[in-house]
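Worksheet: one structure, shown below.
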Amino acid sequence: RAYHDLTQQFKEHSTTKTYQALVMGRPEPPEGIIEAALARDTRNRKRIAISEEGRHATTRYKTLKCYKGYTLLEVQPLTGRTHQIRVHLSSIGYPVAGDRLYGGKTSLLQRQFLHAAKLSVRLPSSREYTEFIASLPPDLEQALSELIPLPH
């Protein structure tokens, strides 16, 4: 029952997913909403692309901290499409650092800097609204410590 209840919450978009993403560059404006339909890339099956024939997708982002050459964002996918955050951020010119598939290649990381920081759901047993928080893993903390902070 718990599995089906949680699955239904995700389907209805009644959950809240919050990510932290380090992107290359400094997004302008510092916060916003990206709305662009997504579909499988016809030239490369591993990639997702912006496509008028695709499924509607919306992503909200907000700048948390600026660094030389990078920006740490809080990102919320308001829909749940494959590679949504990565494709949307790359499409506005700010790929996720370390994301080789969507243009974020960097020597700073061995993987992409995209972290599921918080998940909010209603517990199936009690219907109590609950937030699960995960701090940054050590390798991503290390990457941030190597960057030069800038004023907002």
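In what follows, every heavy atom counts, from backbone to side chain, and hydrogens, waters and symmetry copies are set aside.
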message: Quick check: closest heavy atoms across Ser51 and Ala39, and the distance to 0.1 Å?
response: CB-CB, 3.8 Å

message: I need the Leu72 CG to Leu147 CG distance, nearest 0.5 Å.
response: 9.5 Å

statement: What one should report as the nearest heavy-atom pair of Ala116 and Ala134 is O-CB, 3.7 Å

Neighbour count above 12 (heavy atom, 6.0 Å) for Arg1 CZ: no

- request: Would you list the pairs meeting salt bridge (Lys or Arg N to Asp or Glu O under 4.0 Å) in which at least one residue belongs to residues 45-67, sequence neighbours left out?
  value: Asp41-Arg47

Residues, nucleotides or ligands: over 12 heavy atoms within 6.0 Å of Tyr129 OH: yes

field: Non-hydrogen side-chain atoms of Gln112 and Tyr102 separated by less than 4.5 Å
entry: no

query: Once you round to the nearest 0.5 Å, how far does CD1 of Ile133 lie from CG of Leu119?
result: 10.5 Å

query: Which heavy atom of Pro151 sits nearest a heavy atom of Cys66, and at what distance?
result: O-CB, 4.2 Å

message: Could you tell me if the side chain of Leu22 sits less than 4.5 Å from the side chain of His115, heavy atoms only?
response: no

- request: Report yes if some heavy atom in the side chain of Glu31 is under 4.5 Å from a heavy atom in the side chain of Pro29; otherwise report no.
  value: no

OG on Ser90 to CD1 on Ile50, rounded to 0.5 Å: 8.5 Å

message: Please give me the minimum heavy-atom distance between Lys17 and Pro77, naming the atom from each residue.
response: O-CD, 3.5 Å

message: For a 4.5 angstrom cut-off between non-hydrogen side-chain atoms, does Gln20 reach Glu74?
response: no

- line: Tightest non-hydrogen contact, residues Ala143 and Leu109, listed as CB-CD2, 3.5 Å

message: A side-chain contact here means heavy atoms from C-beta on lying under 4.5 Å apart; do Thr18 and Thr16 qualify?
response: yes

query: OG1/Thr58 to CD/Glu35 distance, rounded to the nearest 0.5 angstrom?
result: 4.0 Å

Criterion side chain to side chain contact (heavy atoms under 4.5 Å, CB included) on Arg127 and Asp5, from CA distance to verdict: CA-CA 10 Å; Arg127 307 307 300 155; Asp5 185 277; 3.0 Å; yes

- prompt: Of the non-hydrogen atoms in Arg111 and Pro137, which two are nearest, and what is the gap between them?
  reply: NH2-CG, 3.3 Å

query: Looking at side-chain heavy atoms only, is the closest gap between Tyr67 and Leu144 below 4.5 Å?
result: yes

task: Please step through side-chain hydrogen bond (donor to acceptor under 3.5 Å, both in side chains) for the pair Tyr70 and Thr106, ending with a clear verdict.
output: CA-CA 11 Å; Tyr70 299 91; Thr106 177; 2.8 Å; yes

- prompt: Between His13 and Thr15, is any side-chain donor less than 3.5 angstrom from a side-chain acceptor?
  reply: no

query: Less than 4.5 Å apart, any side-chain heavy atom of Leu38 and any of Thr82?
result: no

Other ILVMFWY residues reachable from Leu89 by side-chain steps of under 4.5 Å: Tyr19, Val23, Ile34, Tyr61, Leu73, Val75, Ile85, Ile92, Tyr94, Val96, Leu114

Donor + acceptor pair across side chains of Gln9, Arg122 (<3.5 Å): no

Donor-acceptor under 3.5 Å (Thr130 side chain, Glu128 main chain): yes

message: Going by salt bridge (Lys or Arg N to Asp or Glu O under 4.0 Å), name the residues that satisfy it together with Arg43, two or more places apart in sequence or in a different chain.
response: none

message: Whether the side chain of Arg86 engages the backbone of Pro95 through a donor-acceptor N/O pair (distance < 3.5 Å, no angle test) should be reported.
response: no

task: Would you indicate whether Gln110, at its atom CD, is surrounded by more than 12 heavy atoms from other residues, nucleotides or ligands within a distance under 6.0 Å?
output: no

message: Under the criterion side-chain hydrogen bond (donor to acceptor under 3.5 Å, both in side chains), I'd like the reasoning laid out for Gln84 against Thr79: C-alpha separation, chi angles, the key distance, then a yes or no.
response: CA-CA 8 Å; Gln84 176 177 325; Thr79 49; 2.9 Å; yes

query: When you measure from the side chain of Thr59 to the backbone N and O of His88, does any donor-acceptor pair fall under 3.5 Å?
result: no

